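FYI, the numbering just counts along the sequence from 1. Since the structure is predicted, the reported quantities are computational estimates derived from the model, not experimental observations.
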Amino acid sequence: MTAPGEYRPDRTEGVTRVEDLPKPRKLPRSRDFKRRSCPSCGHSAYRDKRIGRLLHDLGDPRMERPVDIYVTYSRHFCSRCKKYFNADMLELALPGSSYTHRVVSTAVRLVAEDGLSYRAASGHLWRDHRVFVPFATVQNWVETSGEKR
């Protein structure tokens, strides 16, 4: 165990092959329900199938490994309005996003409050939080939030 303030070199510095990076720690989460109420009509809808989704979260700084959250969620079918819908996962991530809210808010804070460039924020996220986010994605998040002027 290292002491506070002790310098530890980055094990991934100079790594050029993805296979050589540390393997992520996988955390299973479940949003699997047998029945949910339909968001359109409120009718009780049964589970049609189970689906999985991979989300990247802030990594573990002590273990120097990324963290991936694998969410198993249910897709439901409403027999009244004949529509399919998924179980709600808004507390974890935005629809269609591969990153959790914690990653997005940390990236926006690094740019807006700390004044880092997009590229530097992307590097900081990998070096300190072990989550790889392309700098163009960080730029999109910051521009969408309207934080940088």
Side-chain angles (χ1 to χ4, degrees), residues 1-33 36-42 45 47-78 83-149:
M1 187 84 182
T2 60
E6 182 179 335
Y7 174 74
R8 293 187 333 192
D10 187 5
R11 295 183 325 166
T12 62
E13 189 171 349
V15 173
T16 57
R17 296 178 44 218
V18 176
E19 298 85 25
D20 296 337
L21 291 174
K23 300 292 182 227
R25 189 175 64 148
K26 296 191 185 318
L27 300 176
R29 296 288 183 262
S30 177
R31 298 294 181 272
D32 187 17
F33 305 102
R36 297 306 273 175
S37 59
C38 177
S40 301
C41 67
R47 177 177 58 213
D48 184 55
K49 69 163 51 170
R50 291 183 179 108
I51 307 170
R53 178 178 175 190
L54 182 68
L55 297 172
H56 305 294
D57 195 18
L58 295 178
D60 187 1
R62 289 182 297 154
M63 302 299 266
E64 295 185 351
R65 292 173 60 186
V67 173
D68 286 344
I69 300 173
Y70 188 77
V71 182
T72 303
Y73 63 97
S74 53
R75 184 174 81 168
H76 300 270
F77 178 72
C78 178
K83 291 185 180 178
Y84 289 95
F85 62 94
N86 294 330
D88 188 27
M89 291 187 291
L90 285 177
E91 73 276 1
L92 289 175
L94 292 172
S97 177
S98 296
Y99 300 95
T100 62
H101 290 301
R102 291 177 26 175
V103 175
V104 175
S105 62
T106 302
V108 171
R109 182 187 52 79
L110 286 171
V111 174
E113 294 178 10
D114 296 350
L116 294 179
S117 67
Y118 302 123
R119 193 176 298 266
S122 175
H124 176 84
L125 285 170
W126 173 255
R127 187 183 65 247
D128 291 350
H129 301 288
R130 289 297 185 227
V131 60
F132 175 73
V133 181
F135 69 91
T137 304
V138 174
Q139 180 179 1
N140 290 340
W141 291 339
V142 172
E143 290 173 356
T144 301
S145 69
E147 298 264 344
K148 191 171 183 181
R149 296 166 197 16

State, to 0.1 Å, how close [X] and [Y] come at their nearest heavy-atom pair, and which atoms those are.
X: G59; Y: V67; answer: CA-CG2, 3.8 Å
X: R65; Y: P24; answer: NH2-O, 3.4 Å
X: G52; Y: Y70; answer: CA-OH, 3.2 Å
X: G42; Y: S37; answer: O-CB, 3.8 Å
X: S74; Y: F33; answer: OG-N, 3.2 Å
X: A93; Y: T100; answer: CB-CA, 4.2 Å

With rounding to the nearest 0.5 Å, note down the distance linking [atom1] in [X] to [atom2] in [Y].
X: N86; Y: R36; atom1: CG; atom2: CZ; result: 12.0 Å
X: S117; Y: H124; atom1: OG; atom2: NE2; result: 12.0 Å
X: L94; Y: M89; atom1: CG; atom2: CE; result: 11.0 Å
X: S122; Y: L116; atom1: OG; atom2: CG; result: 11.0 Å
X: L125; Y: Y99; atom1: CG; atom2: OH; result: 9.5 Å
X: T72; Y: R50; atom1: OG1; atom2: CZ; result: 8.5 Å

* Begin from the C-alpha positions of R31 and E91 and carry the test side-chain contact (heavy atoms from CB on, under 4.5 Å) through to its verdict. => CA-CA 11 Å; R31 298 294 181 272; E91 73 276 1; 2.5 Å; yes
Flag side-chain contact, heavy atom, 4.5 Å: [X] against [Y]:
X: H56; Y: V103; answer: no
X: V111; Y: W141; answer: no
X: D48; Y: H76; answer: no

* To do: Please test C78 against S40 for side-chain contact (heavy atoms from CB on, under 4.5 Å), starting from the C-alpha separation and ending with a verdict.
  => CA-CA 9 Å; C78 178; S40 301; over 6 Å; no
* Salt bridge between D32 and R47, side-chain N to carboxylate O under 4.0 Å? ->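 R47 and D32: salt-bridged.
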* Check the pair L55, R53 against side-chain contact (heavy atoms from CB on, under 4.5 Å), reporting the backbone distance first and the verdict last. => CA-CA 7 Å; L55 297 172; R53 178 178 175 190; 3.6 Å; yes
* Show your reasoning for whether side-chain contact (heavy atoms from CB on, under 4.5 Å) applies to E113 and V108. => CA-CA 8 Å; E113 294 178 10; V108 171; over 6 Å; no
* To do: Return yes if some donor-acceptor pair links the side-chain N/O of D88 with the main-chain N/O of L90 below 3.5 Å, else return no.
  => yes
* **Donor-acceptor under 3.5 Å (T106 side chain, R102 main chain)** => yes
